[in-house]
Amino acid sequence: MRSRGTALVLVASWLISACVTTAPPEDLSREESLARWQEFRESLSRIDHWKLRGKMGVRTGSKGGSATLNWEYSADAQEIELYGPLGGGRVIITTDAQSAFLRDTKGREITGKTASEVLYRRLGWQVPFDHLVDWARGLPGEGATDVVIDGNGRLKRLVQDYWEVEFEEYGDPGESVPGLALPAKLRVTALPGTMAVYSDEGEYLGDELSVKVILKRWREVESGRS
């Protein structure tokens, strides 16, 4: 298991492992970092509504695409809008607790169970939107392993399902959630051997897939759970 820079590997009852490294003197102590993480995690988990604007890039080998992202999320429903080369023009995905629905500017419509499923069926890109609900808040999802927090008690890295996630940058969302930083830049990489990526023509492009997510502007962030 890797530990980078000022990071330390988190140990808690809801994780599988691991060892703990000590944060350098200029950061919080290990105990202070863990205590702050627990406090942050409780506050972040209460965020159940937001609107944000950002960008997304997807790449496999020499092929890639990017899109502007508008995302409104609530506990009951969400709307994801992608426009640009990745979105093939403009794609809107709406979801509720049971299903997901995609429509594009060419009139095509796709229904499925999740946002990730309908986007893949339309564009051929694997984008883990269902996990991003947690990752966008700086939280590990259910079943995450190899969870690493930095010396300030913020999530730095994790592995979940087929993905390794690096939290590269945090930003201040303003008065919406005072005292908390939210992720501003994430890099999501498919674990080796877990993806088989094909072109629209059926050409095998390999098993390397990375998704870069930039969350530029958080708006209307709300915490609904006590």
Side-chain angles (χ1 to χ4, degrees), residues 1-48 50 52 54 56-58 71 73 75 78 114-116 126-173 177 179-195 207-215 218 221 223 225:
M1 185 176 301
R2 290 177 292 175
S3 176
R4 301 179 182 174
T6 62
L8 58 94
V9 180
L10 176 64
V11 175
S13 60
W14 45 274
L15 296 177
I16 291 179
S17 51
C19 58
V20 177
T21 61
T22 304
E26 62 267 25
D27 292 322
L28 302 176
S29 69
R30 184 184 67 182
E31 292 76 13
E32 289 172 328
S33 294
L34 290 172
R36 179 169 288 189
W37 159 245
Q38 294 294 342
E39 180 181 349
F40 286 166
R41 185 167 66 91
E42 292 175 6
S43 297
L44 293 168
S45 66
R46 290 195 290 269
I47 296 174
D48 60 4
W50 65 74
L52 65 80
M56 178 173 292
V58 183
W71 186 10
Y73 173 86
Q78 62 179 328
T114 67
S116 301
Q126 292 277 7
V127 179
F129 269 111
D130 313 307
H131 291 324
L132 278 167
V133 170
D134 290 312
W135 301 342
R137 291 176 288 172
L139 291 169
E142 183 178 355
T145 63
D146 296 357
V147 177
V148 179
I149 62 173
D150 65 19
N152 293 311
R154 297 180 303 198
L155 191 58
K156 182 176 179 65
R157 176 187 173 272
L158 61 82
V159 173
Q160 188 172 350
D161 289 345
Y162 311 116
W163 306 98
E164 178 181 2
V165 187
E166 299 280 351
F167 295 80
E168 297 182 342
E169 186 177 324
Y170 281 80
D172 183 359
V177 282
L180 287 177
L182 292 173
K185 186 182 297 184
L186 299 85
R187 185 175 298 276
V188 183
T189 306
L191 296 175
T194 60
M195 296 285 172
D207 64 355
E208 296 181 1
L209 176 65
S210 65
V211 182
K212 187 174 183 179
V213 184
I214 299 175
L215 306 176
W218 288 84
V221 182
S223 297
R225 287 175 288 176

Counting C-beta onward and ignoring hydrogens, is there a side-chain heavy-atom pair between Pro128 and Trp135 closer than 4.5 Å? yes
Measure the CZ-CG distance between Arg137 and Leu182 for me, rounded to the nearest 0.5 Å. 10.0 Å
What residues form a side-chain hydrogen bond (donor to acceptor under 3.5 Å, both in side chains) with Arg187, not counting sequence neighbours? Glu168
Using modelled atom types and a 3.5 Å cut-off, is there a donor and acceptor pairing between side-chain atoms of Arg157 and backbone atoms of Val165? no
Are Leu209 and Trp163 close enough that some pair of their side-chain heavy atoms sits under 4.5 Å apart? yes
Please find the pair of heavy atoms, one from Gln160 and one from Pro140, that lie closest to each other, and give the distance. OE1-C, 4.4 Å
Would you check if the side chain of Glu164 reaches a backbone N or O of Thr189 as a donor-acceptor pair within less than 3.5 Å? no
Under 3.5 Å, is there a donor-acceptor pair between the side chain of Tyr170 and the main chain of Leu155? yes
Correct closest heavy-atom pair for Asp161 and Leu191 would be O-CD1, 3.8 Å
Are Lys185 and Glu166 close enough, and set up right, to give a side-chain contact (heavy atoms from CB on, under 4.5 Å), and what steps lead you there? CA-CA 9 Å; Lys185 186 182 297 184; Glu166 299 280 351; over 6 Å; no
Criterion side-chain contact (heavy atoms from CB on, under 4.5 Å) on Arg41 and Leu139, from CA distance to verdict: CA-CA 7 Å; Arg41 185 167 66 91; Leu139 291 169; 3.7 Å; yes
How long is the span from the CG atom in Leu158 to the CG atom in Asp146, to the nearest 0.5 Å? 9.0 Å
Measure the CG-CE distance between Leu132 and Met56 for me, rounded to the nearest 0.5 Å. 6.0 Å
Of all heavy-atom pairs between Ser116 and Asp130, which one has the smallest distance, and what is that distance? OG-OD2, 2.8 Å
Atom pair OG1/NE2 of Thr114 and His131 - distance to nearest 0.5 Å: 10.0 Å
When rounded to the nearest 0.5 Å, the distance separating NZ of Lys156 from CH2 of Trp37 is 13.5 Å
Determine the minimum heavy-atom distance between Pro183 and Gly138, stating which atoms define it. CG-N, 3.4 Å
Here the pair of heavy atoms bringing Asp172 nearest to Leu180 is OD1-O, 4.4 Å
Run the side-chain hydrogen bond (donor to acceptor under 3.5 Å, both in side chains) test against Trp71 and tell me which residues pass, sequence neighbours left out. Gln78
Minimum heavy-atom separation for Arg36 and Asn152, please, with both atom names. CD-O, 2.9 Å
Would you mind reporting whether Leu215 and Leu186 have side-chain heavy atoms less than 4.5 Å apart? yes
Tell me whether the NZ or CZ atom of Arg154 lies within the 45° cone about the ring axis of Phe40 and under 6.0 Å from its centre. no
Could you give the distance from CD1 (Ile47) to CG (Asp134), rounded to the nearest 0.5 Å? 11.5 Å
Is there a donor-acceptor contact under 3.5 Å from the side chain of Ser210 to the main chain of Val188? no
Whether Ser33 side chain and Ser29 backbone form a donor-acceptor pair below 3.5 Å: yes
Does atom CD of Glu169 have more than 12 heavy-atom neighbours, drawn from other residues, nucleotides or ligands, at distances under 6.0 Å? yes
If only atom types and distance count, is the side chain of Gln38 paired as donor or acceptor with the main-chain N or O of Ala35 below 3.5 Å? no
Looking at Glu142, I'd like to know if its CD atom is crowded, meaning that more than 12 non-hydrogen atoms belonging to other residues, nucleotides or ligands lie closer than 6.0 Å. no
